[in-house]
Amino acid sequence: MTVFTARLMAADGHQAVARVAERLPEGFSTTGQHSAISERHNIYEVAIVGDTDADRNDCWVALTSYGITPNGLDSVWETTKGVGA
């Protein structure tokens with residue numbers, strides 16, 4: 001199981017969780033947990049879990065394409081087909 005967080009701007013923590021959940025590829029899901037990194041700047045962190053065999057590179061591309069920053073994903077985007085390979 002892969003556990004990591006993602007940071008993004010959102011109106012509140014619930015919207016942050018919803019935005020991340022709709023962008024996650026198969027094999028990944030949010031835990032529903034979120035924390036405010038900066039309420040003043042509307043920056044939130046959302047907890048994500050993934051199956052051991054889920055493609056981390058696909059997840060990295062899916063999240064970063066929408067301005068969501070994964071933390072601790074340990075992805076190597078250069079090996080993703082169509083992106084770096």
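Model, not experiment: these values are computed from the prediction.
By the side chain to side chain contact (heavy atoms under 4.5 Å, CB included) test, Ser29 is found to be paired with Val49, residues two or more places apart in sequence or in another chain being considered. Annotation: side chain to side chain contact (heavy atoms under 4.5 Å, CB included) contacts of Arg19 (sequence neighbours excluded): Leu8, Ala10, Gln15, Glu22. Legend: residues meeting side chain to side chain donor-acceptor pair (under 3.5 Å) with Ser38, ordered by chain and number and at least two apart, are His41. Not counting sequence neighbours, the partners of Thr2 by the side chain to side chain donor-acceptor pair (under 3.5 Å) test are Arg56. By the side chain to side chain contact (heavy atoms under 4.5 Å, CB included) test, Ala47 pairs with Thr31, Gln33, sequence neighbours left out.
Tyr44 forms part of no hydrophobic cluster, judged by ILVMFWY side-chain heavy-atom separations under 4.5 Å.
The list of salt bridge (Lys or Arg N to Asp or Glu O under 4.0 Å) pairs with a residue in residues 31-52, not counting sequence neighbours, reads Arg7-Glu45. Pairs of residues two or more places apart, or lying in two chains, never qualify as salt bridge (Lys or Arg N to Asp or Glu O under 4.0 Å) while including a residue from residues 24-35. Screening residues 2-37 for ring-ring contact (aromatic ring centres under 6.0 Å, His included) gives His14-His34 as the qualifying pairs, with residues at least two apart or on separate chains.
In this structure, the side chains of Ile48 and Val20 come closer than 4.5 Å at one or more pairs of heavy atoms.
A single hydrophobic cluster is not seen to contain both Leu24 and Met9; linkage of ILVMFWY side chains at heavy-atom distances under 4.5 Å, directly or through other members, places them apart.
Arg23 CZ to Leu63 CG: the interatomic distance, rounded to the nearest 0.5 Å, is 10.0 Å.
Side-chain atoms of Thr69 do not come within 3.5 Å of backbone N or O of Ala6 as any donor-acceptor pair.
For the pair Thr64 and Pro70, the tightest heavy-atom approach, listed with the atom from each and the gap, is CG2-CD, 3.7 Å. The minimum heavy-atom distance between Gly27 and Ala54, with the atom names listed, is O-CB, 3.8 Å.
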